[in-house]
Amino acid sequence: MRFHAVITANGIEDETEHLRSASAIADRFGIPYSSYNAAQSAELLGFTTDLATAFERYRAEFPEDEAEVVGTYWVQEVNRLAAAAANRTAIIYGFNQE
């Protein structure tokens, strides 16, 4: 199979349930996957803070901007790094990824 799913749950109210549901879908269709909760994502990105703290800092420094930008970039960068680690050359976003 040439596909590899990257499952992230950053800022999801019940990230455990989200990861469990998404991995069940990948298992059902035989798609290999990597999954990252908020803490694992922060570690992968080399952050010394969590997503909530990053949001707070962004809101403080850029009060006129939409804080969701941080979450979108956070998830995109996790996807990029996971794809590179799996030797994938392209990324297709889906399932609520802006």
Side-chain angles (χ1 to χ4, degrees):
M1 170 143 308
R2 306 269 317 159
F3 294 97
H4 181 97
V6 178
I7 303 166
T8 58
N10 297 292
I12 303 295
E13 292 80 15
D14 185 355
E15 68 180 22
T16 302
E17 179 61 28
H18 176 77
L19 291 172
R20 188 174 26 249
S21 296
S23 61
I25 293 168
D27 287 338
R28 179 177 175 202
F29 291 98
I31 299 172
Y33 62 90
S34 301
S35 62
Y36 300 89
N37 63 24
Q40 292 164 328
S41 295
E43 183 178 336
L44 178 68
L45 296 173
F47 276 68
T48 57
T49 187
D50 60 15
L51 183 59
T53 304
F55 269 129
E56 290 171 14
R57 182 173 172 190
Y58 189 88
R59 284 186 186 111
E61 292 184 22
F62 305 100
E64 302 298 317
D65 291 343
E66 185 64 45
E68 187 175 316
V69 169
V70 172
T72 299
Y73 287 140
W74 181 289
V75 172
Q76 288 177 353
E77 189 64 5
V78 168
N79 283 322
R80 186 187 70 77
L81 291 172
N87 293 316
R88 304 300 181 193
T89 58
I91 301 170
I92 300 171
Y93 293 105
F95 198 64
N96 199 31
Q97 174 57 46
E98 291 79 17

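No experiment lies behind these values; they were computed from the predicted model shown.
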If you round to the nearest 0.5 Å, how far is [atom2] of [Y] from [atom1] of [X]?
X: N79; Y: W74; atom1: CG; atom2: CH2; result: 13.5 Å
X: E61; Y: E56; atom1: CD; atom2: CD; result: 12.0 Å
X: Y58; Y: Y73; atom1: OH; atom2: OH; result: 7.5 Å
X: Q40; Y: S34; atom1: CD; atom2: OG; result: 10.0 Å

Basic-acidic side-chain contact under 4.0 Å: E77, R80:
yes
Under the rule for side chain to side chain contact (heavy atoms under 4.5 Å, CB included), what residues qualify as partners of D27, not counting sequence neighbours?
Y33
What are the two closest heavy atoms between L44 and L81, and how far apart are they?
O-CD1, 3.9 Å
